[in-house]
Amino acid sequence: MNANEPREQGNGGWSQFGDTPPSAGGFPRRDTIIMGHPAPPPPPPAPARPGISTRQKAIAGLALAAMALGGGAAGAAVATAMQPDTVAATAAPAPASFKQAASTLTVSDVAAKLQPSVVMIQGSTGEGSGVVLSADGLVLTNNHVVVGAGQGGQMSVKFSDGKTAKASVVGTDPTSDLAVIRAEGVSGLTPAQLGDSDQVRVGSPVLAIGSPLGLQGSVTAGIISALDRTLTVGGEQEQQGPPGWGQPGGQSAETTTIGGAIQTDAAINPGNSGGALVDAAGQVVGINTAIATNGGSSGSIGVGFAIPINTAKQVADQLVNGGKVSHAYLGVSVTDATGDVTGALVRQVIQGSPAAKAGLREGDLITKIAGKPVDGGDTVVGQVRGFKAGQQVQITYMRDGKTSNVTVTLEEKK
């Protein structure tokens with residue numbers, strides 16, 4: 001499964017570039033964060049099922065603040081398909097201290113430990129955040145931060161001590177929305193300690209550290225609300241840009257589907273993108289990437305999402321060592337199942353692809369991948385992107401009313 005494996009468009013169809021993208025809704029002041037547009041009307045009554053249906057689309061804002069010459073901010077809109085998972089939990093206020101999870105560190109301790117390792121990324125048209133990977137200036141961030149902040153080749157990094165340095169792009173991977181940049185002429189930086197995102201649990205306390213709305217070094221507290229979310233980010237249609245934004249109007253941002261995302265109730269706002277989601281031990285477990293709101297009014301409560309650090313580290317290593325990222329390839333075109341059936345309907349199997357070799361056929365209904373439920377076509381996209389080329393994955397599907405399992409050996413996207 002890759003960028004060349006879309007859902008089909010048309011009635012009941014889909015592509016990985018989403019349905020008709022929402023409008024960005026203008027460029028509000030920093031104190032009026034309007035993310036997305038009014039929510040769609042509720043779906044017709046249906047049998048109650050746990051989780052969030054793929055047809056319930058939230059409007060999310062990429063955490064990227066765009067700067068006008070006279071001040072102000074722009075929140076880029078993204079369509080976010082939040083898939084149900086088996087480990088969701090109701091968000092609750094974070095504990096006042098992290099000592100319940102880490103015997104020696106308080107919230108203040110964790111914040112003080114990580115702030116020197118989180119930077120602000122600035123450019124002529126935008127700003128975001130980044131996480132220091134090496135003492136000589138390697139910084140991990142989101143691809144959409146680099147695209148927004150680096151237009152015209154002008155980009156700089158601002159450190160927690162107030163010092164700044166010019167920065168250049170080492171490599172980008174739009175598919176995973178990750179990038180690595182290098183702060184030039186620096187040494188002795190404090191690399192962040194990277195944790196193991198496979199070990200995080202719902203309900204665990206976390207901090208989000210970054211530069212929301214240009215406020216460098218900001219810290220917010222919360223918990224991990226859910227795991228294994230699937231997000232479709234990007235694809236918004238720019239209506240009007242502030243001075244310095246580039247070509248105003250008619251610009252459709254690149255879209256990608258991210259699987260396995262971490263959901264958190266720690267406050268994340270435009271400018272947090274590329275910053276750190278940190279656990280109670282002071283280890284980075286995610287890269288803050290997107291927010292979703294319940295509508296377009298100011299004051300809407302948002303939900304934050306982060307790319308798991310295990311995924312981010314894998315991509316970053318490939319960008320640093322070779323500049324090219326390998327992505328797994330399945331070889332099917334899928335669309336959402338209709339009616340009361342949950343899953344992804346196979347509309348086409350590419351000849352000679354891993355799916356074809358494993359025996360998948362047009363009309364099969366994929367219900368699970370590696371034991372995890374599939375709620376729709378975008379879930380297939382997101383989950384497959386979380387695997388490596390050469391990895392064997394079990395796919396559960398229905399054919400003629402019978403459930404079967406098949407093992408697919410994923411290949412590298414050519």
Side-chain angles (χ1 to χ4, degrees), residues 1-21 53-55 57 79-81 83-84 173-177 228 230-235 252 254-260 325-414:
M1 179 71 73
N2 57 52
N4 294 320
E5 295 174 0
R7 296 195 207 174
E8 296 187 355
Q9 297 186 4
N11 294 332
W14 180 97
S15 76
Q16 80 163 62
F17 300 103
D19 299 324
T20 302
S53 167
T54 55
R55 288 180 291 276
K57 303 291 184 179
T80 302
Q83 306 298 340
D173 182 39
T175 298
S176 61
D177 193 24
D228 292 323
T230 298
L231 312 175
T232 300
V233 297
S252 182
E254 191 167 6
T255 306
T256 191
T257 299
I258 299 171
V325 179
S326 172
H327 292 288
Y329 169 71
L330 177 59
V332 295
S333 175
V334 293
T335 187
D336 290 344
T338 57
D340 294 331
V341 180
T342 300
L345 182 66
V346 177
R347 301 298 297 271
Q348 183 183 10
V349 178
I350 308 302
Q351 185 177 3
S353 68
K357 294 175 183 178
L360 287 176
R361 302 177 188 171
E362 179 181 334
D364 289 344
L365 181 70
I366 299 176
T367 57
K368 292 182 181 179
I369 296 180
K372 295 182 179 180
V374 170
D375 195 61
D378 50 358
T379 311
V380 174
V381 177
Q383 288 191 11
V384 170
R385 284 180 176 170
F387 297 116
K388 299 178 181 179
Q391 191 169 350
Q392 292 187 330
V393 179
Q394 186 180 75
I395 293 180
T396 302
Y397 66 95
M398 291 183 64
R399 180 186 298 166
D400 299 327
K402 298 175 61 176
T403 299
S404 301
N405 295 307
V406 65
T407 299
V408 179
T409 301
L410 301 174
E411 299 176 1
E412 183 177 358
K413 172 189 172 184
K414 303 300 182 182

ask   = What's the shortest heavy-atom distance between Pro354 and Thr409, and which atoms?
value = CB-O, 3.3 Å
task = For Arg385 and Thr256, run side chain to side chain contact (heavy atoms under 4.5 Å, CB included): C-alpha distance rounded to whole Å, both residues' side-chain angles, the deciding distance at 0.1 Å, then the answer.
result = CA-CA 11 Å; Arg385 284 180 176 170; Thr256 191; 2.9 Å; yes
inquiry  = Please report the interatomic distance CZ(Arg347) to CD(Glu362), rounded to the nearest 0.5 Å.
reply    = 7.5 Å
request  = Can you measure from OG1 (Thr403) to OH (Tyr397) and round to the nearest 0.5 angstrom?
outcome  = 10.0 Å
ask   = Sequence neighbours excluded, which residues qualify as side chain to side chain contact (heavy atoms under 4.5 Å, CB included) partners of Lys357?
value = Glu411
request  = Check whether the side chains of Asp375 and Thr342 place a donor and an acceptor atom closer than 3.5 Å, and report yes or no.
outcome  = no
remark   = Note: Ile395 and Leu330 closest approach over all heavy atoms is CD1-CD1, 4.1 Å
Closest heavy-atom pair and its distance - Val384, Ala328 = O-CB, 3.7 Å
message = With heavy-atom distances below 4.5 Å as the criterion, would you say the side chains of Val349 and Val332 are in contact?
response = yes
key: Set of residues satisfying salt bridge (charged side-chain N to carboxylate O under 4.0 Å, His left out) with respect to Arg361, sequence neighbours excluded   = none
message = Rounded at 0.5 Å granularity, tell me how far NZ in Lys372 sits from CG in Asp228.
response = 3.5 Å
query = So which heavy atom on Leu365 is nearest to which on Leu345, and how close?
reply = CD1-N, 3.9 Å
task = Determine the minimum heavy-atom distance between Lys388 and Leu410, stating which atoms define it.
result = O-CB, 4.1 Å
key: Considering all heavy atoms, the nearest Asn405-Thr396 contact   = OD1-OG1, 2.6 Å
Non-hydrogen side-chain atoms of Asp177 and Ile258 separated by less than 4.5 Å = yes
